[in-house]
Amino acid sequence: MAMTAREAAWTALQRWRKNGAWSDAALHAVLQNAQLEPRDAALAARICYGTLQNLTLLDHYLSVYCTTPLQKLEPKVLDLLRLSAYQIVLLDKIPPRAAVNEAVVLCRKGGCARASGLVNAVLRRVAEHRDALPEIPGTGTADYLAVRYSHPRWLVRRLLELLGPEEAEEYLRLDNEPVPTCIQTNFLKTDAPHLERELRGAGLNVQAHPWLAGCFLVTGTGDLEKLPAFREGRFMVQDAAARLVSLVAAPGVRSRVLDVCAAPGGKSFALAIDMQDGGEILSCDVYPHKLRLIESGAQRLGIGSVRALLADAREHHAAWDRQADLVVADVPCSGLGIIRKKPDIRYKNPRELAQLPALQRSILENAAGYVRPGGTLVYSTCTILPEENQDVTADFLRA
């Protein structure tokens, strides 16, 4: 199904809103069928993620220029207004007139033609005031920061407590910056120089990671999964911090490894590559459909040492006691450290997040029993909250 970049972004935002799907999953599903050139696919991703990163700020501006309260608009019309306002206000390379015109076209094409006049009028007002947008009241306060950087007030207040005003604002600002994709060379199939040349030949912008050997930062990617280098397993996508798990664990080539919360398998795969596929890695998860992700990923990468197994990391398995050279407990967490990559994490219910430390403690305590004497236990999260990190490990060490 042929789409424009803006139409793909609009479709993904609607799926995110209606289905409760993660934005990256919703966007990936749309791009799989959108038949976009890589540059247009990258633009669709930028619009989708950028809109989610700035929802509160965009609503602040739209509410000034829209005579109808935003909550009374048809939801998909509000989605369209938001993504169009994002292009006008926050993207320098898109002419405001183009964003307005395509929004009107999409409004008619998308089954809400009656709202096309409203969409045209509101976006024209936003474009006219682009260089003199309404101020956000309360400069420097939690309320101001919550609107300016589109983070929930509870999280802004927590960051102010943890970091102080200057570092908290810098953290919030960086959360909304575009993030390059980090990939790791699969040394079982190629080496870094060959992979770099192949990716450059495919039209990607490739930069060696500043402090991770064999890793690259890539931009202008579109859908990486369509690249032969991905399909044939010569690299995998993995954030730099996730890559550190294998580096700090430093497994031996013949190590016996237990990854108790493994899906979708990235840390297990990195360990296997570092071990030259020579050891044994048992990669566990509690959801059967996620085991298929581990199995298909290992097959794509040509890894034979990883075996996927259905297991709850909280439940004790006596046969594993004191058997593993290395146990990795990459526990379920709030994900607040990867908001740059998954902007919708900020909209999670904080009451649900409050339940996580107890779960994390139970997994860590159970997993520790599987480490052989002299072995290594790694606890990792992708959050920045001490109650999920230092507090958990401190309680464990005291016990």
Side-chain angles (χ1 to χ4, degrees), residues 1-31 33-34 36 39-66 68 70-71 73-113 115-130 133 147 149-150 175-179 222 339-344 346-347:
M1 178 177 61
M3 289 184 178
T4 66
R6 294 174 179 87
E7 187 175 7
W10 188 30
T11 303
L13 285 170
Q14 291 178 71
R15 291 188 182 184
W16 169 77
R17 172 179 47 77
K18 290 190 292 188
N19 302 331
W22 286 111
S23 58
D24 56 345
L27 181 66
H28 177 74
V30 172
L31 292 181
N33 299 311
L36 293 175
R39 180 175 295 183
D40 287 333
L43 176 60
R46 183 68 249 133
I47 293 172
C48 178
Y49 293 143
T51 301
L52 288 173
Q53 287 169 334
N54 294 279
L55 274 185
T56 311
L57 179 64
L58 295 171
D59 284 359
H60 172 74
Y61 294 142
L62 288 169
S63 64
V64 174
Y65 301 115
C66 185
T68 303
L70 299 187
Q71 64 270 24
L73 295 173
E74 186 177 357
K76 66 179 180 179
V77 172
L78 180 55
D79 293 335
L80 182 58
L81 284 171
R82 286 167 166 169
L83 73 87
S84 303
Y86 168 72
Q87 296 168 70
I88 295 167
V89 174
L90 295 167
L91 285 186
D92 295 333
K93 295 183 179 179
I94 295 180
R97 181 179 295 179
V100 175
N101 290 343
E102 181 144 357
V104 174
V105 170
L106 285 178
C107 194
R108 292 169 178 157
K109 182 180 179 181
C112 39
S116 61
L118 177 145
V119 167
N120 183 55
V122 171
L123 294 178
R124 282 185 180 277
R125 292 189 193 109
V126 173
E128 288 168 6
H129 295 87
R130 183 185 187 189
L133 291 164
V147 175
Y149 299 105
S150 297
D175 267 352
N176 289 353
E177 290 289 310
V179 57
I339 287 178
R340 283 182 78 188
K341 189 174 76 168
K342 292 189 172 183
D344 34 339
R346 71 190 77 191
Y347 305 118

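Values reported hereafter were calculated over all heavy atoms of this structure, with side chains retained and with hydrogens, waters and symmetry mates removed. If you read the sequence from its start, that first residue is 1, and numbering goes on from there.
Side-chain atoms of Ile47 and Leu91, non-hydrogen and from C-beta on, do get closer than 4.5 Å to each other. Side-chain contact check for Ile94 versus Arg6: some heavy-atom pair is nearer than 4.5 Å. In this structure the side chain of Tyr49 never reaches within 4.5 angstrom of the side chain of Val179, judged on heavy atoms.
Side-chain contact annotation: Tyr149 with Arg346, donor-acceptor N/O pair under 3.5 Å absent. Judged by distance alone, the side chains of Asn101 and Arg97 never bring a donor and an acceptor atom under 3.5 Å apart. Side-chain contact of Trp16 with Asp344: a donor-acceptor pair under 3.5 Å is present, judged by distance alone.
Without hydrogens or angle criteria, His129 side chain to Arg125 main chain gives a donor-acceptor distance under 3.5 Å. In this structure, Arg340 contributes its side chain and Pro178 its backbone to a donor-acceptor pair below 3.5 Å. Under the 3.5 Å distance criterion, the side-chain polar atoms of Arg130 are matched with a main-chain donor or acceptor of Ile88. Tyr347 places a side-chain N or O within donor-acceptor distance of the main-chain N or O of Leu52, the cut-off being under 3.5 Å. A donor-acceptor contact shorter than 3.5 Å links the side chain of Asn54 to the backbone of Gly50. Using a distance-only test at 3.5 Å, with no hydrogens or angles considered, no donor-acceptor pair links the side chain of Trp10 to the main chain of Cys48.
Of the inter-residue distances, the one linking Leu81 atom CG with Cys107 atom SG reads 8.0 Å to the nearest 0.5 angstrom. If you take CG on Leu70 and CG on Leu78, they are separated by 5.5 Å, rounding to the nearest 0.5 Å. Within the model, atoms CG of Asp79 and CG of Leu55 stand 8.5 Å from one another, a figure rounded to the nearest 0.5 Å. Remark: Met3 CE to Leu31 CG distance equals 9.0 Å, nearest 0.5 Å. The distance from the CG atom of Leu80 to the CD atom of Gln14 is 8.5 Å, given to the nearest 0.5 Å. Summarising the geometry, atom OG1 belonging to Thr56 is positioned 8.5 Å from atom CZ belonging to Arg82; distances are rounded to the nearest 0.5 Å.
Here the shortest heavy-atom pairing between Leu13 and Thr51 reads CD1-CG2, 4.0 Å. The minimum heavy-atom distance linking Leu123 with Ser84 is given by the pair CD1-CB, 3.5 Å. Closest of all the heavy-atom pairs between Ala103 and Val119 is CB-CG1, 3.9 Å. Residues Ala127 and Pro96 approach most closely at CB-CB, 3.9 Å, considering heavy atoms. Annotation for Ala8 and Leu36: closest pair CB-CD1, 4.0 Å, computed over non-hydrogen atoms.
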Dump the intermediate steps for side chain to side chain contact (heavy atoms under 4.5 Å, CB included) on Glu7 and Lys109, then the final yes or no.
CA-CA 10 Å; Glu7 187 175 7; Lys109 182 180 179 181; 3.0 Å; yes
In sequence, state the C-alpha distance, the side-chain angles, and the governing distance for Ser23 and Lys342, and then conclude on side chain to side chain contact (heavy atoms under 4.5 Å, CB included). CA-CA 7 Å; Ser23 58; Lys342 292 189 172 183; 5.5 Å; no
Before giving the answer on side-chain hydrogen bond (donor to acceptor under 3.5 Å, both in side chains), spell out for Ser150 and Gln53 the whole-Å C-alpha distance, their side-chain angles and the decisive distance to 0.1 Å.
CA-CA 7 Å; Ser150 297; Gln53 287 169 334; over 6 Å; no
task: I would like to know whether Leu118 and Leu73 meet side chain to side chain contact (heavy atoms under 4.5 Å, CB included); could you show each step before the answer?
output: CA-CA 10 Å; Leu118 177 145; Leu73 295 173; 4.0 Å; yes
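Within a 6.0 Å radius of CZ in Arg17, more than 12 heavy atoms belonging to other residues, nucleotides or ligands are found.
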